[in-house]
Every structure is written in C-alpha cells, then in structure tokens.
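Numbers restart at 1 for each chain; the letters A, B, ... are given by sequence-line order, proteins then strands. What you are looking at is a predicted structure, and each value in this text was computed from that prediction instead of being measured. Every heavy atom of this structure was used, including side-chain atoms; hydrogens, water molecules and symmetry mates were not.
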Amino acid sequence: MYGGVRYHIEIDAPVEAVWGRIGDPARLHEWFPDFSASPVDGTTRTIVSNSGVSIDEELLIVDPLLRRIQYSLNLPILAKHHGTLDAIGLEDGRTLLMYTTDTEPRIMSLVIGSATARGLREIKRQMEESH
Amino acid sequence: MGRKVLLITTDQQRYDTLGCNGGVYSRTPVVDGLAAQGIRYERAHPQSVVCMPSRSTMITGQHPSTHGVWMNGVPLPTDSPSIVEEVHRAGYATALIGKAHFEPYMDPFGVFAENRLAAAESFSEDARWHDGTMGPLYGFDHMELATHGPAAPLHYSRWLLLNHPEALAGFFPVLDGDFEVSAEGGGDTGAVQVKDNPIAREVYHTDWVADRTISWLEGRAQDEDWFCWMSFPDPHHPWDPPSSENHRVSWRDIDLPEGYIASAAEREAVLSAKPRHWMDWYTGRVVSNFEAPLKWVPATLEADQLAEITAKNAIEVEMIDEAIGRVLAVIAAKGWDDDVDIIFTTDHGELGGDFGLLFKGPYHTAGLMRLPLIWRPAPSAKVDPATVTAPVGLVDLAPTIGQIVGLAPADWMEGSALPVTDDDAASRGIERTLTEWDSELFGVAVHLRTITRDGFTLTMCLPGTSHDGTEGELYDLAEDPLERVNLWDDPSRRSLRDELIDDLRRHQPPARQPRLECVAPV
C-alpha cells in the first residue's frame, strides 16, 4: 500500500538564503543529522549514514525555479519511494519548508520521514543562527 | 531509610483477568493476595488506551495533552518532567526492567536512547532533565529493556540472540512484509496473532523480566532505598506464550467472554448504535490506527478463535502472576517486605472479544478503559485494606509514588495521590477521570475525549475524518456494565449529557503547542 507523510517548518530567513543552503543536493549531509556525506555523481546521490551505511538515491528533480528537490531511494525493501523537498517564500520574508515522503510500503514513509523531520529542525537552527 | 517501591505493570491487561476482580480464566493468587492486603481499585482508568501516551502519563503525572505524546510513535521528550527523576534525586536507586516504550521501536537511525542501550552494552544514558540538570534518562539509573518478542533492539533481544538464537523464530512475527501489524493466524483455530511458541519457559520474556528484576534487587545494599518498575510485556498480543504452558487453560473448555455477543445480528445492531468508527472497523472499511492488524477484519472473528485467544491470554496472565511471586519471595528473603509499597497495574486494556473486536483502538469502552489497579502499601505504613470505587487514573501514579517516597506534589503533576478509601476520595474531590484519543495517520483522523464520573462514561467524538463532531457515547455503568445501550441521543439523558460535556471541557487540559511530531508507527 502506497502512502506518505509530510513535515513542514517555518524558517525566519528569506527563501533565497534557505535555497542557497539546501539547493545543492551534495550538501545534504550538512543539515541532515543522520548522515555524514552525500556525494553526487550525475543523477545519483550516495548518502552515507553516521554508522557508515551507504544508500544510493536517484535525483529526479532539482528545480531552482520551483525550489524543489525530488529523489528516489534505491532500497530493496521499498517498492516505491519519492522524497520531495519544497521551499516556499512567505510574504513576511520567511520561508516555509515542506518535506514529503511517499513510499510503498507506506509504513516506511514514517520511518524515513522521521529523518526528514530532524533535517528540517536542523536547517531551521542553522539558518536562524546565521541569519 | 525510606519506603521502597515496586511498581509492577503489564501491557494491555483487562480488569477482569484477575481473580480478585472476578476473573474466571486465570489463577492469580499472588496478585489476589496483594489485593487482599491492600487497596483494590474498581474504577481505574488510563488517560490513553495505547502504550506510549499511557506510559508517558505514568511517569509524568500528566494527561497526554500536557506531556504531548498524543499517539504511539510520538517520543516522550527526554526533558519531560518525571517522577522517577525526583525519586532518583531523593537518593533512590531507580530501575526499569522490561517494557519502557517512551520512545518508538522503529528506529533505523538509532536516534532514541532506549534502542541504543543494548547495543552499547549499557543500562543508562544521561539526558537533560526538565529543570536543565543532567541525569539518567527519565530518571532511571538502570534500564534493562524488553518488548513482546525479539523484534526491537533491546536487552532481551540481544540476550536471546547471544544465548538462545534457536528461540528467535518461535515467536509470532509481529510485522508482515509491508511492515504492517501482521494479520496472520495460528494455533488450533487460525486465530489472528496466535502462535504455538516452542520456546522454553525460562527463556520467555515474562520469566526474563522477573529474573533480571531479581538480579537487580539482589545487587542492592540492605539499607539502600530503591524504586523498581518491573514491566512485563504480556499479555499484549501476539498471543504466543510457551507451548509448554498450553495445558494450563484449554480453549475447548472455556466459556466465551461475557462481552462477546454471539449473534452477529445482535452484535451489529449494538455496534450500529455507536459512533460510526466502530462499525467502520468491524466491517473492515476503515482501520484507524496502527495497533490493529490492517488486513484483519473483526467481522471474521469466529467463536473458537476468540476462545483460543482468551485461553492464550489467560496463560500469559498466570505466568506473570507466578513471576511476580518469585520476585516477592526475594523481597521477603531480603527482609524488606515491611517497608515495600507494591503497585500493580497495566497501561491499558484489551478489547478481548467485546462486541466482536480484539486489540485496541479509538474505543473508550470498559475492555480498554477499566484497568486492574492494586496498591499494597508498605505494611509499616499501617493502611487498612480497602476497595475504592471512586474513579482514579494512571495520572495518579506519579503523585502516589512521590507521596510514598516523601516528596511534596510537584506543580507539573495533574493527578492526585491515590485515595485509600472512598471517603478519602470524596474528601479530596477525586471524582472524575479523563481519557484522550488522537490519531492521524495515512488520511484517517480520529479524536475522542472521554470523562468518567458519577457512574457514567461519556465520550465526545471531535471532528475528524470519521466524525463531524456531533457523535458520541454515553453509558450508565451500573445499569449497563457491558455498554450495549448508547444513551447519547436519549432525550431523557440530555441534561446529564450536557452536564458531563461541560465538566469534561472545564477539566480537559489544553493541547501542548506546538504539537510533537509523530516519527514512527509505534
């Protein structure tokens, strides 16, 4: 069964600045507490967990106009996976950051999505401390 | 030297599974003996009918709206207030042995301390407490953890893997290939979540919890003050006790539970008079929560299957009673008994065939809401045995433990120390309990608020995907203990209904803001 979760966070920083930090897929590990590296080779990103496990992802969308990144995890336990990160500028100069995780089986969306929730909290911390 | 505390909990145990509460399936002489020496509560209610919120209530003394663990999968922040931290600060050794579940089990990134301890061969980890000081996690200086089988990365699983790897495959596999709660059946009848488990009794988690508790107690100095939470994972499903114990209760020889309505037509008529989420689950249209198997339809439950589940459950209850007896014998041998308070309860109940349903979910009915609760005060405190009929809650455990240890009630606690008589309850205004349900998962949202007082239970169904906010339930617990006649729409009960709703709204704590994130299914 396909299903998903979505987390969002508001950041007290302009969307251009937020995108400047998150728009480079190879810098994911800088704001994802669970990962130590995230090199990109073509459309393949390899995320390396803090415990040393490597997982390949296919980058599907990196769109600086929509300010969207979408990718798919290549894991045998996942029949489908889409991770989608959207940055939306708010009228008051702040940013709404939304991270959606859709998977089959759907339960895995919660498990994977929990990492995205921690990533959102970390990017908020970083941006608001530096802004 | 102060009074010591042994808090004994089980998981998902019904009120009517104990002999002292009228239970007929299990022999529970040890807990019955505690009840005879102490205080037996006839209306003890949880503040949530699922594990993580309910267990969070036990140590914080707060309702789920306040501590913020609004459904399973929401971790209790490590800087939440905890009575165990206060007890630790008072100089007590503090242990939790068995099931904790303040944090989710599905944790592939190893984010949660409960899941890190076993791999680190550790029993404690420091965290920041609510007042900013650093101390052991939630106040426990020794956590030795287990759950219903070997699935989670806890101490029991590791012990099994290292010492009895042959036993791993004997347990019921709780998740299916889609990581949903499994609807597989087994045993003699194909009953859901039943499995004949060839595991040796002494290797099963019930005896392991007692063994580890005994080991911890034997490590205490004679004059040391201690608080020990012995937390059995059973009789929560799956129902897979050691097959060697099957002889205790034969499913072929037992009568079906009183709450089961044998006639499908009568059962469905009763369900139809309840808010729509009852019938929606019964027919398999909507499964609103992860705790029940997604692919199991309650309407398919057969009488023999319920009998087999009831028997397996009874076996697990008996094993727990005997395990408690072993621990109490050690306490007596150490010469501590006169100064030990013993509290026995559970985190929530089990539907157990009521209305043809099993497991748990957004159903604030007696099977899930009426809990066994027994407090055997330390004999040195000279408290007379009693039966208390006033409604009390698990929210009252933390202030009770504090009182035993000699601590003043903390301002963050929302309960009251348990009354020792009905007169005591009346004099202190202990007259209601509140229970909450919130779940939002994969497009289904259910929100319930319940009050129990004056012999009635009223549940409001707040707006969600199943309810528009107009539905509810009202039962007269004296006239209709099986809750078969929903008085919510009875015009003659309108003023009572309005009065209870008003009382509920005045006492319901506001929801914590911002809401904590659900980060796992369980």
Side-chain angles (χ1 to χ4, degrees), chain A residues 1-12 28-29 31-38 47-55 73 75-81 83 96-125, chain B residues 52 68 70-75 77-78 103-116 119-120 151-153 173-183 284 286-296 439-445 465 513-522:
Chain A
M1 191 176 287
Y2 192 53
V5 298
R6 183 178 67 207
Y7 298 96
H8 71 274
I9 206 162
E10 291 185 14
I11 299 176
D12 190 13
L28 177 81
H29 63 285
W31 56 277
F32 239 82
D34 300 316
F35 303 132
S36 59
S38 50
I47 54 172
V48 183
S49 76
N50 293 331
S51 58
V53 176
S54 295
I55 304 170
L73 269 167
L75 275 177
I77 58 171
L78 295 174
K80 294 179 188 170
H81 169 264
L96 173 64
L97 208 52
M98 291 197 302
Y99 214 137
T100 306
T101 305
D102 298 307
T103 65
E104 182 181 343
R106 65 181 191 174
I107 290 300
M108 293 306 294
S109 66
L110 267 167
V111 177
I112 296 169
S114 67
T116 71
R118 290 188 289 278
L120 291 180
R121 285 196 294 271
E122 176 60 16
I123 191 68
K124 176 182 173 71
R125 186 192 67 78
Chain B
M52 292 180 68
W70 54 279
M71 66 179 279
N72 273 344
V74 179
T78 55
E103 297 178 320
Y105 291 137
M106 278 198 178
D107 180 23
F109 303 106
V111 172
F112 300 111
E114 285 181 25
N115 301 316
R116 286 196 299 264
V174 292
L175 299 180
D176 64 17
D178 290 333
F179 300 96
E180 301 280 354
V181 173
S182 177
V286 177
V287 182
S288 59
N289 55 301
F290 182 76
E291 292 79 15
L294 178 69
K295 294 160 191 158
W296 178 70
S439 58
E440 294 181 11
L441 201 59
F442 302 129
V444 180
T465 54
Q513 296 294 338
R515 191 169 78 168
L516 299 177
E517 290 161 344
C518 177
V519 296
V522 68

Can you give each donor-acceptor pair under 3.5 Å made by side-chain atoms of residues 176-183 of chain B, sequence neighbours left out, with the distance rounded to 0.1 Å?
unit_1: B:Asp176; atom_1: OD1; unit_2: B:Asp178; atom_2: N; d: 2.8
unit_1: B:Asp176; atom_1: OD1; unit_2: B:Phe179; atom_2: N; d: 3.2
unit_1: B:Asp176; atom_1: OD1; unit_2: B:Glu180; atom_2: N; d: 3.0
unit_1: B:Asp176; atom_1: OD2; unit_2: B:Lys295; atom_2: NZ; d: 2.8
unit_1: B:Asp178; atom_1: OD2; unit_2: B:Lys295; atom_2: NZ; d: 3.2
unit_1: B:Glu180; atom_1: OE2; unit_2: A:Arg106; atom_2: NE; d: 2.9
unit_1: B:Ser182; atom_1: OG; unit_2: B:Glu184; atom_2: N; d: 3.1

Which region of A:Ser109, side chain (C-beta onward) or backbone (N, CA, C, O), has a non-hydrogen atom less than 4.5 Å from a non-hydrogen atom of chain B, or is it both or neither? side chain
Are B:Leu175 and A:Ile107 packed together at the side-chain level, in the sense that at least one heavy-atom pair is separated by less than 4.5 angstrom? no
Part of A:Tyr2 lying under 4.5 Å from any heavy atom of chain B: neither
Side chain, backbone, both or neither of A:Arg121 within contact of chain B (heavy atoms, under 4.5 Å): side chain
Take a 6.0 Å sphere around CZ of B:Arg116 and say whether it holds more than 12 heavy atoms from other residues, nucleotides or ligands. yes
Passing candidate, side chain to side chain donor-acceptor pair (under 3.5 Å) with A:Glu122, options A:Arg125, A:Arg118, A:Lys124: A:Arg125
Which residue out of A:Val53, A:Leu110, A:Asp34 racks up the most heavy-atom pairs below 4.5 Å with chain B? A:Leu110
